[in-house]
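Below: the structure, in structure tokens.
Throughout, a chain's letter reflects where its sequence line sits, starting with A, and its residues are numbered from 1. Excluded from the calculations below are hydrogen atoms, water molecules and symmetry mates; all remaining heavy atoms, backbone and side chain alike, are included.
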There are 2 protein chains.
Amino acid sequence: MPRAGLDPAAVVAAGAALADEVGFANLTMGLLAGRVGVRTPSLYKHVSGQDDLNRRIAVLALEEAADAVGGAVQGYAGRDALAAAARAFRAFVLEHPGRYAATIGQEPSGPEDPLAGAGQRLLGAFTAVLRGYDIDDRDVNHALRLLRSLFHGFATLQASDGFQWSTDVEESFEWLIAFADRGLRAL
Amino acid sequence: MPRAGLDPAAVVAAGAALADEVGFANLTMGLLAGRVGVRTPSLYKHVSGQDDLNRRIAVLALEEAADAVGGAVQGYAGRDALAAAARAFRAFVLEHPGRYAATIGQEPSGPEDPLAGAGQRLLGAFTAVLRGYDIDDRDVNHALRLLRSLFHGFATLQASDGFQWSTDVEESFEWLIAFADRGLRAL
DNA sequence: AACCAAAAGCTATTGCCATTAGCCACGACT
DNA sequence: AGTCGTGGCTAATGGCAATAGCTTTTGGTT
């Protein structure tokens with residue numbers, strides 16, 4: 001039996017890719033094992049179980065999302081930055097619905113949890129967007145939560161194809177960006 | 001063996017209550033059976049399986065949410081209506097996290113699906129809120145999606161205790177309502 | 001009042017999935 | 001060449017969903 005040359009990172013990456021393909025809810029250890037060319041119990045040499053796998057996928061997703069949003073914002077400010085961040089975030093969720101779903105309902109066990117760090121990085125990317133607006137210090141946290149709620153809500157509703165989002169979703173999203181921009185400028 | 005006197009509605013109601021208590025992810029057929037005083041296979045006389053149960057819980061949750069929001073809005077208009085709807089929706093999600101979680105990721109199979117009808121009712125309650133604002137017909141749908149995204153996002157992030165929402169979540173929520181109100185009035 | 005069919009329970013069983021135990025081969029390093 | 005940790009394997013366990021098939025209650029009909 002030749003070695004498969006796996007390591008935790010490879011297993012997690014494959015798990016994330018598989019989750020995107022088959023849906024997070026349908027990600028099983030057996031399916032993942034088949035994908036990486038190994039029998040199920042062998043996966044336990046790299047991750048300690050399904051919970052661990054899920055958490056690691058969530059961390060990966062948050063880091064990638066933070067990179068995507070952070071990268072998209074580079075060189076922009078104000079409305080342009082907001083639009084870039086929003087589009088990047090939504091694109092990420094739609095392209096990687098499985099790994100993003102892994103982040104829902106995960107909460108960091110403590111400040112040392114990698115999940116907390118990854119979450120902070122994503123939040124930081126949105127904070128950068130807010131710096132382009134003239135917002136009172138007291139309002140920054142509220143505004144941050146607003147943006148997070150708005151984008152998370154829109155992306156997840158669309159990803160689950162919630163309710164007859166039949167047409168012009170793009171248009172609605174652009175409208176939403178404009179709405180948020182007007183509101184933030186008016187503070 | 002005395003009959004337990006169950007019917008589908010009772011099973012679904014008990015399932016929803018149990019989901020609120022133990023979390024939607026931990027709702028199992030065995031647990032529900034124990035709760036209603038019956039052995040597991042007997043549940044299958046009332047619901048066709050776990051998927052069916054989940055969908056029915058989701059329908060119940062959407063109907064209840066629609067009732068809560070619709071009722072709260074009665075007699076109010078404009079900002080008052082918006083605030084009432086927002087608070088009612090959030091209160092519902094926080095009081096019934098399990099059944100609300102059942103609605104996430106469910107998509108109606110067709111226009112005949114009860115899930116579609118229940119979703120429409122909830123949407124209708126929010127539409128009523130928008131009537132209190134002077135919104136161009138072309139924008140109504142966008143605004144509806146905005147509100148749905150905003151409230152869904154906020155509620156689910158808080159319910160999953162997303163990111164250190166440590167304190168002053170109430171304040172953030174009121175801030176968010178004010179933000180949306182200003183934006184809608186400015187249209 | 002007796003009867004009977006449908007409904008609603010039950011036990012037993014199957015099969016899938018996560019997880020653990022314990023064995024064995026590969027291969028890097030001495 | 002020897003050795004030892006790592007990463008793979010088979011086998012087994014336990015939980016859960018689901019199905020099969022039997023039995024009892026129940027409510028309506030004669």
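Among D:dA17, C:dC17, D:dG8, the nucleotide with an atom closest to any side-chain atom of B:Thr28 is D:dA17. Nearest nucleotide to the side chain of A:Val38, out of C:dT19, D:dG8, D:dT10: D:dG8.
Atom CG of B:Asn26 is separated from atom P of D:dA17 by 11 Å (rounded to the nearest Å). Taking atom OH of A:Tyr44 as the reference point, atom P of D:dC9 lies 14 Å away to the nearest angstrom. Between A:Asp51 atom CG and C:dT19 atom P the separation is 7 Å, expressed in whole Å. Counting to the nearest Å, the P atom of D:dT6 and the CZ atom of A:Arg39 are 24 Å from each other. Remark: C1' of C:dC17 and CG of A:Leu53 are 14 Å apart, rounded to the nearest angstrom. When rounded to the nearest whole Å, the span between CD of B:Gln50 and P of D:dA17 equals 5 Å. We find that CG of B:Leu32 is positioned 12 Å from P of D:dA18, with the value rounded to whole Å. As rounded to whole Å, 14 Å separates atom P of C:dC24 from atom NZ of A:Lys45.
Within the 3.5 Å criterion, the main-chain N or O of A:Ser109 finds a donor-acceptor partner in the side chain of A:Asp113.
Heavy atoms of A:Thr40 sit under 4.0 angstrom from at least one base atom.
Listed pair A:His46 / D:dT6 fails the phosphate criterion, with no side-chain N or O lying under 4.0 Å from OP1 or OP2. Checking the phosphate oxygens (OP1, OP2) of D:dC9, a side-chain nitrogen or oxygen of A:Ser42 falls inside 4.0 Å.
When hydrophobic clusters are built by joining Ile, Leu, Val, Met, Phe, Trp and Tyr residues whose side-chain heavy atoms come closer than 4.5 Å, directly or via intermediates, A:Tyr76 is not grouped with A:Leu184.
When ring centroids are compared, A:Phe24 and A:Tyr100 stay outside the 6.0 Å threshold.
If you check the side chains of A:Glu64 and A:His96, you find no donor sitting under 3.5 Å from an acceptor.
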